[in-house]
Amino acid sequence: MRADRLLAITMLLQARGKMTAQALAAELEVSRRTILRDIEALSIAGVPIYAEGGHGGGIALDPQYRTTLTGLTETEALTLFISGMPNLPRDLGFQEQARHTLLKLFAALPALHRGAIEQFRQRVHIDPIWWWNEASPPFWDALQRAVYDARRLRMTYIRADGTIAERIVEPYSLVAKAGVWYLLARRDGEYRTYRVSRIREAEVLETPFQRQPDFDLETYWREHTRQVSGRASSYAFAVRCNEQGLTFLRRHILDVSATPDSMGWYRAEMRVGSVEDARMLAFGLGTGGTVIEPVELREDVQRRAREMLGQPGQ
């Protein structure tokens with residue numbers, strides 16, 4: 001709707017300052033001509049908006065102008081309160097500030113929306129953190145300081161294969177995904193992602209580094225996630241399992257193909273990220289299932305099971 005777009009233009013300019021018509025058009029997914037018509041409509045309505053031509057020009061609001069939250073719909077007001085992730089401000093040290101911000105937002109909302117907000121808060125609670133969430137490491141403050149101050153970081157890190165490595169990295173960003181923190185850092189000219197829970201020691205060095213001027217965290221992470229997702233289901237394997245085993249598998253994997261047999265068991269086929277993931281699931285089945293294929297995985301699981309039981313290999 002045009003009214004929503006006019007409000008969005010006003011809020012964008014208020015939040016970001018001067019923007020070109022082309023940038024506004026890209027943000028709102030409309031044509032540049034539509035944006036120019038909207039700017040004219042806002043000006044006629046009395047909004048102190050102006051445009052400057054030439055190099056460095058653009059569209060801007062009068063610096064003294066501020067819109068309020070009175071134009072929010074009830075759904076938009078609800079969105080403000082469900083989009084927050086309460087545990088992340090805690091991890092970053094902003095827990096009190098986040099609570100005060102929500103209180104201020106609640107006070108600024110139109111009175112007719114406050115009842116709906118309170119009703120919703122008493123009926124729906126969103127907790128994005130796993131039950132067994134990883135606690136913040138003792139060097140958490142050092143990680144944040146290295147990222148914020150653009151200082152090199154020396155760290156001891158446990159790699160996926162269990163080996164320990166010492167790295168000196170340029171820490172760019174901290175990213176929380178599903179309640180798990182990752183450190184995005186640059187090393188040897190490449191961006192790399194380290195799971196914070198695998199870092200054992202971290203020391204902020206006095207040596208500063210220069211961030212790449214064209215780096216954009218949101219753009220990088222979106223592409224990185226796409227690439228990881230493309231590799232996430234690269235290893236295929238099959239097991240024979242009972243109903244309890246099938247329930248276990250489907251609790252951990254979204255796409256499991258299961259075919260029952262005459263004995264009441266199932267042939268379950270699936271794809272996971274690596275042989276390590278497949279091995280973990282195979283052991284998780286316990287007596288509720290056994291690997292059928294590939295043969296290499298079945299033999300690997302059997303060998304490791306004998307080792308755990310202290311039995312000699314065959």
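A quick note: this is a predicted structure, and the numbers were derived from the prediction, not measured.
- No chain of hydrophobic side-chain contacts below 4.5 Å, direct or via other Ile, Leu, Val, Met, Phe, Trp or Tyr residues, connects Leu13 to Leu36.
- Residue pairs that meet the salt bridge (charged side-chain N to carboxylate O under 4.0 Å, His left out) test with at least one member in residues 37-49, sequence neighbours left out, are Arg2-Asp38, Arg5-Asp38.
- In this structure, CZ on Phe248 lies 10.5 Å from SG on Cys241, to the nearest 0.5 angstrom.
- A continuous path of ILVMFWY side-chain contacts below 4.5 Å connects Ile49 to Leu28, so both sit in one hydrophobic cluster.
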Residues 281-302, side-chain donor-acceptor partners within the protein, below 3.5 Å, at least two apart:
| unit_1 | atom_1 | unit_2 | atom_2 | d |
| --- | --- | --- | --- | --- |
| Glu293 | OE2 | Arg267 | NH2 | 2.9 |
| Arg298 | NH1 | Ile292 | O | 2.5 |
| Asp300 | OD1 | Arg303 | NH2 | 2.8 |
| Asp300 | OD1 | Arg304 | NE | 3.1 |
| Asp300 | OD2 | Arg279 | NE | 2.7 |
| Asp300 | OD2 | Arg279 | NH2 | 3.3 |
| Asp300 | OD2 | Arg304 | NE | 3.2 |

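- Here the CG-CG distance, from Asp255 to Leu249, works out to 12.0 Å after rounding to the nearest 0.5 Å.
- Counting only N and O atoms by type, the side chains of Glu276 and Ser274 include a donor and acceptor under 3.5 Å apart.
- Annotation for Thr10 and Leu6: closest pair OG1-O, 2.9 Å, computed over non-hydrogen atoms.
- For Glu203, the CD atom is densely surrounded, since the number of other residues' heavy atoms within 6.0 Å is greater than 12.
- Distance check: Thr156 OG1 to Arg200 CZ gives 10.0 Å after rounding to the nearest 0.5 Å.
- Annotation: side chain of Leu153 is in contact with side chain of Leu183 (closest heavy-atom distance under 4.5 Å).
- Under the salt bridge (charged side-chain N to carboxylate O under 4.0 Å, His left out) criterion, Arg152 pairs with Glu170, sequence neighbours left out.
- Separating the OG1 atom in Thr193 from the CG atom in Leu184 is a distance of 5.0 Å, to the nearest 0.5 Å.
- Between the CD1 atom in Ile35 and the CG atom in Leu24 there is a gap of 5.0 Å [rounded to 0.5 Å].
- Residues passing the side-chain hydrogen bond (donor to acceptor under 3.5 Å, both in side chains) test with Thr247: none are found, sequence neighbours excluded.
- Within 6.0 Å of CD in Gln212 there are more than 12 heavy atoms belonging to other residues, nucleotides or ligands.
- Checking side-chain atoms of Thr225 against main-chain N and O of Trp221 turns up a donor-acceptor pair under 3.5 Å.
- Using a 4.5 Å cut-off on side-chain heavy atoms (C-beta onward), His252 and Val272 make no contact.
- Atom CD1 of Ile59 is separated from atom OG1 of Thr20 by 7.5 Å, given to the nearest 0.5 angstrom.
- More than 12 heavy atoms of other residues, nucleotides or ligands sit less than 6.0 Å from atom CZ of Arg211.
- A donor-acceptor contact shorter than 3.5 Å is absent between the side chain of Arg151 and the backbone of Tyr148.
- Closest approach of Ala202 and Leu143 over heavy atoms only: CB-CD2, 4.2 Å.
- The shortest distance between side-chain heavy atoms of Phe237 and Val239 falls below 4.5 Å.
- Side-chain contact between Tyr235 and Asp277: absent, with no pair of heavy atoms (C-beta onward) separated by less than 4.5 Å.
- Residue Glu223 places its CD atom among more than 12 non-hydrogen atoms of other residues, nucleotides or ligands, all under 6.0 Å distant.
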Would you please test Glu201 and Arg154 for salt bridge (charged side-chain N to carboxylate O under 4.0 Å, His left out) and show each step?
CA-CA 8 Å; Glu201 297 178 2; Arg154 177 186 288 117; over 6 Å; no
Could you tabulate the donor-acceptor pairs under 3.5 Å formed by side-chain atoms of residues 256-265, not counting sequence neighbours?
| unit_1 | atom_1 | unit_2 | atom_2 | d |
| --- | --- | --- | --- | --- |
| Asp261 | OD1 | Met263 | N | 2.9 |
| Asp261 | OD1 | Gly264 | N | 3.2 |
| Asp261 | OD1 | Trp265 | N | 2.9 |
| Asp261 | OD2 | Arg240 | NE | 3.3 |
| Asp261 | OD2 | Arg240 | NH2 | 3.3 |

Ile164 and Arg159: CA distance, side-chain angles, deciding distance, side chain to side chain contact (heavy atoms under 4.5 Å, CB included) verdict
CA-CA 6 Å; Ile164 298 177; Arg159 293 185 292 201; over 6 Å; no
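- Counting only residues at least two apart or on different chains, the ring pair (Phe, Tyr, Trp, His ring centres under 6.0 Å) pairs with a member in residues 186-212 are Tyr157-Tyr194, Tyr172-Tyr191, Tyr172-Phe209, Tyr191-Phe215, Tyr191-Tyr220.
- Under the 4.5 Å side-chain criterion, counting only non-hydrogen atoms from C-beta, Glu190 is not in contact with Asp188.
- No side-chain donor from either of Ser31 and Arg33 sits under 3.5 Å from a side-chain acceptor of the other.
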Mind running side chain to side chain contact (heavy atoms under 4.5 Å, CB included) on Leu246 and Glu243 for me, showing each step along the way?
CA-CA 5 Å; Leu246 182 60; Glu243 188 170 347; 5.6 Å; no
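- Trp140 has its side chain out of reach of Ile199: every pair of non-hydrogen atoms, C-beta onward, lies at least 4.5 Å apart.
- Here the closest non-hydrogen pair linking Ala146 and Val204 is CB-CG2, 4.1 Å.
- Residues Val175 and Leu217 form a side-chain contact, since some pair of their non-hydrogen atoms from C-beta on lies under 4.5 Å apart.
- Put simply, the side chain of Val169 does not reach to within 4.5 Å of the side chain of Arg186, judged on heavy atoms.
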